[in-house]
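What follows is a set of notes on a single structure, which appears directly below.
Just so it is clear, the model here is predicted, and its values are computed rather than measured. So that the names make sense, note that chain A is the first sequence line, chain B the second, and so on, each numbered from 1.
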Protein chains: 2
Amino acid sequence: MVGEGGVEGLSMRKLAAELDVNPMSLYHHVESKDALLRGACTAVAQGLALPPDDGTPWQEQLRALAHAYRSIALSHPALWSYVNSHPDLVEQEEGMWVVFNRVLVAAGVPAAELLRIRTVLYTFVSGLLTAEAVGLLAELDPAGDAETTFDAAVDLILDALEARAT
Amino acid sequence: MVGEGGVEGLSMRKLAAELDVNPMSLYHHVESKDALLRGACTAVAQGLALPPDDGTPWQEQLRALAHAYRSIALSHPALWSYVNSHPDLVEQEEGMWVVFNRVLVAAGVPAAELLRIRTVLYTFVSGLLTAEAVGLLAELDPAGDAETTFDAAVDLILDALEARAT
DNA sequence: ACCTGAACACCGTTCAAGT
DNA sequence: ACCTGAACACCGTTCAAGT
């Protein structure tokens, strides 16, 4: 909500100015700039629309999870890149990891490899979204449409998982 | 070389202090802090060991390229994360993209999909390396070894490419 | 309990002045 | 051609003092 403007141009002083208040008054409601950003991150993370555990095939659920994640990530690119450089914040996304596990198990990933595969797939998607958020995607594939590229990426992951299951 | 110490704690003033010189003297040799960082980035990028075009199978060449990239990326994590948020710097890695193209063509990727596949694979690997550089990898998969995780990731990509080729 | 002004220790960068 | 000091417009944060 605050970082809506630019990227990381948020400053306590500007924020205070926008709120018509003394910069130092902020420190009565938040411990530090980092604490404020963390709060904002967990707030937007709440908006992640996790696919329910109905009977739909795992492929569809994985696709749904990926798109839900893309949706919130790109809704606040600045905050998301902040999350991505703060491991503890990523790990804190409890619900997501639970759903991710469930889907991968359904996909036939053996328990011994679950953590590794999950981590690899998460960082893969995370890398693509970072590229999109930062404008790298448009630079590397100017003719391509971001959404279809994302779909292609998810397809590629599904291919790999299915190849691995057999 | 300069950013060896921490992450982005490099400041023109500290750098000048370390060089026992007036902070403002630096601006006679470099246009700005950004220009300096760009210079450093292209300097380390020179060290990328591209796999030669001998007859070795594309799988091996792709693996070699991936590991070479990981090697320079992790040798200067701070600079690399700087590169990753500056699309023009990424694109500038001419030689790498040429080799990447050659390998993907050898892997049977049709010309029409080359750019998209290449972009997706690059951002995938980039995401994993970012996770490793920032400590996210260790947090998400504490028991895992970073190198074997990277190998697994490359294997997954090879699986997907092979599945796609048939 | 909340707010405030002054202050501290930093930034990147400009610019006029020196050698 | 190179260096320099002072200055500008910023940061996040502390702290003593106010209401």
What is the distance, rounded to the nearest whole Å, between atom [atom1] of [X] and atom [atom2] of [N]?
X	N	atom1	atom2	result
A:Met12	C:dT4	CE	P	15 Å
B:Leu19	D:dC3	CG	P	11 Å
B:Arg13	D:dG5	CZ	C1'	12 Å
B:Leu10	C:dC10	CG	P	15 Å
A:Asp20	C:dT4	CG	P	10 Å
B:Leu15	C:dC10	CG	C1'	16 Å
A:Leu26	D:dC15	CG	P	18 Å

Using Watson-Crick or G-U wobble geometry with both distances under 3.5 Å, which nucleotide pairs with [N]?
N	value
C:dA17	none
C:dG12	D:dC8
D:dC3	none

Query raised in the report: Would you say A:Gln61's side chain and A:Asp53's backbone share a donor-acceptor pair under 3.5 angstrom?
Result: no
Query raised in the report: Do side-chain atoms of B:Thr119 reach the backbone of B:Leu115 as a donor and acceptor pair under 3.5 angstrom?
Result: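 Such a contact is found between B:Thr119 side chain and B:Leu115 backbone.
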Query - D:dA16 versus C:dC3 - spacing of their C1' atoms, nearest Å - result: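 Straight-line distance between the two C1' atoms is 13 Å.
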Query raised in the report: When rounded to the nearest Å, what value does the distance between C1' atoms of C:dC11 and D:dA7 take?
Result: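 Nearest-Å result for C:dC11 against D:dA7 at atom C1': 14 Å.
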Are any of [X]'s side-chain N or O atoms less than 4.0 Å away from OP1 or OP2 of [N]?
X	N	value
A:Ser11	D:dG12	yes
A:Ser25	C:dC2	no
A:Lys33	D:dC11	no
A:Lys14	D:dC11	yes
A:His29	C:dA1	no

Query raised in the report: What heavy-atom pair brings B:Asn84 and A:Val134 nearest, and what distance separates the two atoms?
Result: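 Smallest heavy-atom distance, with atoms named: O-CG1, 3.9 Å.
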Query raised in the report: Of the non-hydrogen atoms in A:Met96 and A:Leu50, which two are nearest, and what is the gap between them?
Result: CA-CD2, 3.7 Å
Which nucleotide in the set [options] lies at the smallest distance from any side-chain heavy atom of [X]?
X	options	answer
B:Tyr27	C:dT14, D:dC11, C:dG5	C:dT14
B:Asn22	D:dG5, C:dG5, C:dA7	D:dG5
A:Met24	C:dT13, C:dG5, D:dG5	C:dG5

Requested in this report: Classify the ring geometry between A:Phe124 and B:Phe124 as parallel (under 30°), tilted (30 to 60°) or perpendicular (over 60°).
Outcome: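 Rings of A:Phe124 and B:Phe124: parallel, under 30°.
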Report task. Verify whether one side chain among A:Ser32 and A:Asp34 offers a donor that lies under 3.5 Å from an acceptor in the other. Result ->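 Side-chain D/A pair, A:Ser32 to A:Asp34: absent.
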Requested in this report: Would you kindly check whether a donor in the side chain of B:His28 faces an acceptor in the base of D:dC3, or vice versa, at under 3.5 angstrom?
Outcome: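 Yes, the side chain and the base share a sub-3.5 Å donor-acceptor pair.
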